[in-house]
Amino acid sequence: VAALAFAACVLSACAEPEPAPAPDEASPAQAAPAGNFRGLIYERSFVFTADTDTAFVVPMLFVSRTKPGGVDREARGWLRRGTTWEAFHDARWETPPTRAPWRLLPHQGLRLMVGEQDALETILFEEGVRALELEFGDVLIEWTTGGGEVFRLLDAAVYLSDQLVPGVMLDASRTYGSDQTPPGDWAFLTSGDSLHVVFESPRRAAPETAGAYRGWARLDFRDLQWSPVTITWTETSAFQPARQDVPMSWRVSSPEVEGTLRVATAQLQAGEGPGPLLPVDALFGVEGTLRIEGRPYPVRGLFRHTRP
């Protein structure tokens, strides 16, 4: 896989102390019991996609889990070009207790830059000859659920090999208790620069069953929202390392939107557990067609799938 490269002079400005939480990063606390962050899980996911002839996607996933005496953290990042995936960052570490466990923290080769009012502006990664910069732009639209989920669509750009790649980015935040059923799968789909769609399942559904999703879309600058949207597995494949089946295609149906999605490429990982079935952690690069308001739109993007 080609090495990532970016100007070191830009990265040198980012080796700074832990940034203060941006106003948008503080919002998950409103969903948590006041003064008690134990047993809470904070997910923050960024998915950059470029409108190019070849699929270009940068997913970065952050998770913080509070526990007595500290916070368990993980940060992972991938670069997808066409059918090739490169995992450029995978870190897990523990930090002391904090009143802001949802805050993103720099660690190892990962750096953060903040701007006015402590708003997160850039995520940078540098490790050896690898380097990548994800730059945030203006917020295009925001959707909230009232249950600890916030989804924002932003203008964005990636600097890679001294090349600027413009595109759009999904910034998704989800908060839930460790004693609760976790939220389910989600997807971020685009069709050129005219259509951007987010699907999210509020609760993890049983395998191979029809799931009730919520849907949001920005279509030609219009805000569309759909609920419920039924997304059903229509084809599966055995993932032997976890001894579980994973979806290979889906059917989307509701009065407002319908269509089909299929896996074009996948990044799969089996987790640890007592067995015999092991957790599944999957990123699917998907393609398909959605029909909205009677018009078909070819779409592609990322489908996030997990299973305990």
Side-chain angles (χ1 to χ4, degrees), residues 45 47 49 54-55 57 59 61 78 80 82-85 143 145 149 151 170 172 174 181-192 194-219 224-271 276-308:
S45 304
V47 182
T49 182
T54 301
V57 183
L61 310 180
W78 297 262
R80 176 198 169 193
T83 59
T84 301
W85 292 83
W143 301 291
T145 68
E149 296 90 9
F151 300 89
L170 174 68
R174 306 201 296 183
T181 301
D185 295 353
W186 53 266
F188 177 43
L189 310 169
T190 66
S191 183
S194 61
L195 175 66
H196 306 91
V197 177
V198 176
F199 291 122
E200 190 238 8
S201 176
R203 290 291 176 264
R204 185 177 287 158
E208 302 183 54
T209 62
Y213 284 67
R214 297 177 285 218
W216 301 270
R218 186 174 187 259
L219 175 60
L224 304 178
Q225 301 187 34
W226 314 301
S227 183
V229 177
T230 301
I231 299 184
T232 310
W233 298 12
T234 55
E235 183 183 357
T236 63
S237 178
F239 179 44
Q240 293 298 341
R243 296 182 288 278
Q244 300 208 53
D245 289 342
V246 295
M248 288 286 103
S249 63
W250 301 260
R251 181 174 63 252
V252 180
S253 61
S254 80
E256 300 87 2
V257 56
E258 59 182 16
T260 58
L261 300 171
R262 63 185 180 279
V263 173
T265 180
Q267 178 72 24
L268 293 165
Q269 181 177 344
L277 303 180
L278 298 179
V280 175
D281 189 321
L283 294 174
F284 294 117
V286 297
E287 299 174 349
T289 302
L290 294 180
R291 181 174 292 273
I292 302 171
E293 299 176 346
R295 178 180 172 184
Y297 293 87
V299 296
R300 64 185 181 190
L302 186 82
F303 205 115
R304 173 80 168 127
H305 170 69
T306 58
R307 182 106 50 80

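Basis for what follows: all heavy atoms, side chains included, without hydrogens, waters or symmetry-related copies.
- Under 4.0 Å is where a charged nitrogen must lie from a carboxylate oxygen, and between R203 and D185 no such pair does.
- Between V252 and W226, every side-chain heavy-atom pair lies at or beyond the 4.5 Å cut-off.
- Between the side chain of R243 and the backbone N or O of P276 there is at least one donor-acceptor pair closer than 3.5 Å.
- No donor-acceptor distance shorter than 3.5 angstrom exists from the side chain of R307 to the backbone of A282, with no hydrogens or angles considered.
- In this structure, the side chains of L290 and V197 come closer than 4.5 Å at one or more pairs of heavy atoms.
- The backbone N or O of P298 lies less than 3.5 Å from a partner atom in the side chain of S191, making a donor-acceptor pair.
- Residues S254 and P228 approach most closely at CB-O, 3.7 Å, considering heavy atoms.
- In this structure, L283 CG and W78 CH2 are separated by 5.0 Å, a value rounded to the nearest 0.5 Å.
- With rounding to the nearest 0.5 angstrom, the CH2 atom of W216 is 8.0 Å from the OG atom of S227.
- Aromatic ring orientation, W250 versus F303: parallel (interplanar angle below 30°, classes split at 30° and 60°).
- Side-chain contact between V246 and F284 is present, with at least one heavy-atom pair separated by less than 4.5 Å.
- Here L219 contributes atom CG and H196 contributes atom NE2; the two are 10.5 Å apart, rounded to the nearest 0.5 Å.
- Aromatic ring pairs are classed by plane angle as parallel below 30°, tilted from 30° to 60° and perpendicular above 60°; the pair W233 and H305 is perpendicular.
- Checked by atom type and distance alone, the side chain of R291 never pairs as donor or acceptor with a backbone atom of E293 at under 3.5 Å.
- Heavy atoms only, all atoms of each residue included: L278 and P241 are closest at CD1-O, 3.6 Å.
- Formation of a donor-acceptor pair under 3.5 Å by the E256 side chain with backbone atoms of I292 is not found in this model.
- Nearest heavy atoms, P279 versus A242: O-CB, 3.9 Å.
- For the residue pair S201 and A212, the shortest heavy atom distance occurs at OG-O, 3.7 Å.
- Contact annotation: the side chain of F151 approaches that of L170 to within less than 4.5 Å [non-hydrogen atoms, C-beta and beyond].
- Across all their heavy atoms, Y297 and S194 have their closest contact at CE2-OG, 4.5 Å.
- Residues T289 and E258 are not in side-chain contact: their nearest non-hydrogen atoms beyond the backbone lie 4.5 Å or more apart.
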May I have the step-by-step check of side-chain contact (heavy atoms from CB on, under 4.5 Å) for Q244 and F239, ending in yes or no?
CA-CA 5 Å; Q244 300 208 53; F239 179 44; 5.6 Å; no

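- Residue R300 qualifies as enclosed at atom CZ: its count of foreign heavy atoms under 6.0 Å is above 12.
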I'd like to know whether F188 forms a side-chain contact (heavy atoms from CB on, under 4.5 Å) with S45, so could you lay out the CA-CA distance, the side-chain angles of the two residues, the decisive distance to 0.1 Å, and finally the verdict.
CA-CA 11 Å; F188 177 43; S45 304; over 6 Å; no

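- When only modelled atom types and interatomic distance are considered, S249 and T234 share a side-chain donor-acceptor pair under 3.5 Å.
- Rounded to the nearest 0.5 angstrom, T84 OG1 and Q267 CD are separated by 11.0 Å.
- No side-chain heavy atom of W143 sits under 4.5 Å from any side-chain heavy atom of E149.
- Between G285 and R80 the shortest heavy-atom distance is CA-NH1, 3.4 Å.
- The closest side-chain heavy-atom distance from R304 to V47 is not below 4.5 Å.
- One distance of note links CG of L261 with CE of M248; it measures 12.5 Å at 0.5 Å rounding.
- The OG1 atom of T145 sits 10.0 Å away from atom CZ of R174, with the distance rounded to the nearest 0.5 Å.
- In this structure, T49 and L302 have side chains that are not in contact, with every pair of non-hydrogen atoms separated by 4.5 Å or more.
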